[in-house]
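In listed order, ligands and their atoms are each counted from 1. We count residues from 1, following the sequence as given.
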Amino acid sequence: MSFFDNRPIGIFDSGFGGLTVARAMIDLLPREEIIYVGDTARYPYGPRTAEEIGTYSHEIVDHLVTVEGSKMVVVACNTAASFSLEDLRREFDIPILGVIEPGLRAALRATQNGQVGVIGTVGTVASGAYQRAASALSDEIEVHCYACPGFVEFVERGDTGSDQVHVLAERLLEPLVHLGVDTLLLGCTHYPFLARTIADVMGRGVLLISSAEETAFDARTELLDSVAPRDPSIARQHRFLSSGDAQWFAQMGGRLLGPELVVAEHVTFGH
Ligand code: DGL
């Protein structure tokens, strides 16, 4: 076996949200090459059925593996991970990483009083994935899961700080403010883009946790344990694919991710 594996790492989400994970991956694994898919033609995933999400996830991972030759895939979408992570792991013989367990691990380390709020899409919360993963991980935390419908749409429109999004956050987070959680896990990869608004509403006593960094650490462990890193002497070129408007993806995505995203390519699924 060669010491290096120069294939890219695939990452996908319904849209811009997974860029929070891509950012952490690029920062922690600067020699690796990323290929990112934002399924913006079919976002939001939150209100979709388990079957639809299973089909979409399969199509995207199949593309990342068979067309793009990824050596590992990160499901940087809580909704997709909630419904299809186990199936994807059975279907594909490369490592497939999720975001739920890493996020919970980080929240478990952070909480002092064991009361952890989790916010996510309607689908993620209804799936019970966080509740199951939390009880498998520890009996020392109690998770309080709330859906935040509408947040994803604001981010996809490029609105991360308007009065409107603030009003919505006040309404959706109100029950959590009164629960006495000391930690709030952002259980949707879009939500870190709303961190300022969410923090304002929750108050200074509540620590916000994103799964992005912990997921990147998992990817690094996996690279060293069961795949192999990229040869650092070989140039790399991250690529960004969108099933929707590629120009908008590059424009808005570049603002959200940073200088690595200048150009996006269009990709089609499901035809
Ligand atoms: N970023 C996705 C998640 O983490 C958002 C899903 C959606 O498109 O509603 O769940």
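- Of the protein's heavy atoms, Gly46 N, 2.8 Å lies nearest to atom 9 (O) of ligand 1.
- Residues meeting the side-chain contact (heavy atoms from CB on, under 4.5 Å) test with Ala41, sequence neighbours left out: Ser243.
- Between Glu32 and Lys71, at least one side-chain nitrogen of the basic residue sits less than 4.0 Å from a carboxylate oxygen of the acidic one, meeting the salt-bridge criterion.
- Shown in contact with Thr121 at under 4.0 Å from a heavy atom are these atoms of ligand 1, numbered in order with element: 6 (C), 9 (O), 10 (O).
- Contact between Gly15 and ligand 1 is absent, with no heavy atom of the residue lying under 4.0 Å from the ligand.
- Inclusion of Asn78 in the set of residues having an N or O under 3.5 Å from an N or O of ligand 1 is warranted.
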With side chain to side chain donor-acceptor pair (under 3.5 Å) as the test, would you mind laying out the steps for Glu33 and His238 before giving the verdict?
CA-CA 5 Å; Glu33 186 175 70; His238 303 310; over 6 Å; no

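- Below 3.5 Å of separation, one finds an N or O of Asp13 facing an N or O of ligand 1.
- When only non-hydrogen protein atoms are considered, atom 10 (O) of ligand 1 lies nearest to Thr79 OG1, 2.6 Å.
- Remark: ligand 1 and Gly187 share no N or O pair separated by less than 3.5 Å (distance only, no angle test).
- Shown in contact with Ser14 at under 4.0 Å from a heavy atom are these atoms of ligand 1, numbered in order with element: 5 (C), 6 (C), 7 (C), 8 (O).
- A tilted orientation is assigned to the rings of His58 and Phe92, their planes being inclined by 30° to 60°.
- Here Arg31 does not pair with Asp231 in a salt bridge; the nearest charged N to carboxylate O distance is not below 4.0 Å.
- If you check which protein heavy atom lies closest to atom 7 (C) of ligand 1, you get Tyr45 N, 3.1 Å.
- Taking the salt bridge (Lys or Arg N to Asp or Glu O under 4.0 Å) definition, one finds that Arg23 meets it with Asp27, Glu260, sequence neighbours left out.
- Under a cutoff of 6.0 Å and an axis angle of 45°, Arg157 and Phe154 form a cation-pi pair.
- When heavy-atom distances to ligand 1 are checked against a 4.0 Å cut-off, Cys188 comes that close through both its backbone and its side chain.
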